[in-house]
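Each chain gets a letter, A, B and so on, in the order the sequences are listed, and its residues count up from 1. All values derive from a computational prediction rather than experimental measurement.
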2 protein chains.
Amino acid sequence: MNDAMSNLDLAFAALADPTRRRIVARLTRGELRVTDLAQPFAMSLNAVSKHVKVLEGAGLVRRRREGREHYLRLRAAPLREVAKWTSQYERFWNQRLDALGRFLDQQQENDDEGSQ
Amino acid sequence: MNDAMSNLDLAFAALADPTRRRIVARLTRGELRVTDLAQPFAMSLNAVSKHVKVLEGAGLVRRRREGREHYLRLRAAPLREVAKWTSQYERFWNQRLDALGRFLDQQQENDDEGSQ
DNA sequence: GTATTATTCAACCAAAAGGTTGAATGAATG
DNA sequence: CATTCATTCAACCTTTTGGTTGAATAATAC
């Protein structure tokens with residue numbers, strides 16, 4: 001999935017998978033070894049390991065090796081970038097819900113009802 | 001891509017493609033017909049049409065048909081949801097960059113230098 | 001030193017993504 | 001009505017994704 005993808009591409013793609021979002025959520029409580037991280041997921045350890053690698057590739061996770069155990073830790077920077085990109089559009093869900101927008105939404109919703 | 005994917009899955013996946021993020025950006029200036037929207041992209045109209053459908057599937061774009069022309073308009077709601085999910089982790093890039101975190105980052109960066 | 005444990009690597013697979021081209025549909029225009 | 005224009009549909013192709021299983025590696029424990 002990597003290779004010449006922008007940071008933002010990688011971050012969004014990484015977060016598009018619900019398992020990976022759960023991993024991120026799980027890691028907010030602190031560092032976890034791969035095996036412990038994988039424990040609640042209904043898939044093989046290998047699958048989780050791959051997900052972790054995707055998150056690592058997007059910079060969302062850091063790995064600290066201690067003997068045979070790998071401790072995983074959340075890195076927020078890419079989330080911050082996602083938040084930044086997204087917030088460009090805040091004005092859109094605030095000011096830009098203007099008369100025309102609402103009118104068009106209303107219109108559309110009426111059409112949708114009609115066609116069911 | 002669709003089919004039993006959560007809203008958030010769909011939104012993140014839709015935004016993971018740079019072409020689609022450009023489309024979103026482009027639509028902030030107002031409604032556009034598919035052809036006009038597609039104009040600056042170095043790919044077939046068909047490809048853009050497909051991207052639009054993905055965005056539509058994620059609720060990020062609404063389509064208003066007027067004769068043979070389809071006018072596309074940005075819908076911010078899913079962006080809002082993305083922002084909401086992401087902002088759960090704000091505390092992480094604020095408070096949670098604590099002593100331990102910084103220490104581990106430092107440690108890791110030193111290791112990385114060493115291995116190059 | 002032999003098991004056991006933690007993790008990845010490698011090969012494989014089915015499904016999805018992102019693009020292409022060519023044909024179909026359906027309005028507008030001459 | 002024949003043509004052109006706006007758009008999608010359909011088929012195809014290649015690459016990526018998300019999972020599997022089985023083997024490799026490497027550290028720990030007995």
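Between B:Phe12 atom CZ and D:dG18 atom C1' there is a gap of 19 Å when expressed in whole angstrom units. If you take CD of B:Glu69 and C1' of D:dT8, they are 15 Å apart, rounded to a whole angstrom. Rounded to whole Å, the distance from CZ on A:Arg22 to P on D:dG18 is 15 Å. Remark: C1' of D:dT8 and CZ of B:Arg63 are 9 Å apart, rounded to the nearest angstrom. Atom-to-atom, CG of B:Leu45 to P of D:dC9 comes out at 13 Å; the value is rounded to the nearest Å. Per the geometry, CZ belonging to B:Arg33 stands 15 Å off C1' belonging to D:dT8, to the nearest Å. Residue A:Leu37 contributes atom CG, which lies 10 Å from atom P of C:dT8 at whole-angstrom precision. Between A:Arg64 atom CZ and D:dA27 atom P the separation is 16 Å, expressed in whole Å.
Residue A:Lys53 is classed as a sugar-phosphate contact, given heavy-atom separations below 4.0 Å to backbone atoms only.
By the 6.0 Å and 45° rule, A:Arg64 stacks over the aromatic ring of A:Tyr71.
Across all their heavy atoms, B:Met43 and B:Ala47 have their closest contact at SD-CB, 3.6 Å.
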Taking distance alone, no hydrogens or angles, what donor-acceptor pairs closer than 3.5 Å link side-chain atoms of residues 49-61 of chain B to residues at least two apart or in another chain?
unit_1	atom_1	unit_2	atom_2	d
B:His51	ND1	B:Arg20	NH1	3.1
B:Glu56	OE1	B:Arg63	NE	3.3
B:Glu56	OE1	B:Arg63	NH2	2.6
B:Glu56	OE2	B:Arg63	NE	3.0

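Between atom CD of residue B:Glu31 and atom CG of residue B:Leu74 there is a gap of 11.0 Å, rounded to the nearest 0.5 Å.
Heavy-atom nearest nucleotides on DNA chain D were determined for B:Tyr71 and for A:Gly67, and the one closer to the 5' end corresponds to B:Tyr71. Nearest-nucleotide positions on DNA chain D for A:Thr19 and A:Glu66 put A:Thr19 closer to the 5' end.
Here the side chain of A:His70 is nearest to one of C:dT8, D:dT8, D:dT20, namely C:dT8. When distances are taken from the side chain of A:Asp17 to each of D:dG18, C:dA6, C:dT8, the shortest belongs to D:dG18. The listed nucleotides are D:dA6, C:dA11, C:dT20; the one nearest the side chain of A:Lys50 is C:dA11.
In this model, the phosphate group of D:dT8 is approached by a side-chain N or O of B:Ser49 to a distance below 4.0 Å at OP1 or OP2. Phosphate contact (OP1/OP2 of C:dA27, side-chain N/O of B:Arg65, threshold under 4.0 Å): absent.
With hydrogens and angles left out, the side chain of A:Asn46 and the base of D:dG18 share no donor-acceptor pair within 3.5 Å. Within 3.5 Å, a donor on the side chain of A:Arg68 pairs with an acceptor on the base of D:dA27, or the reverse.
For the pair B:Ser6/B:Glu81, no side-chain contact is recorded, criterion being any heavy-atom separation below 4.5 Å from C-beta on.
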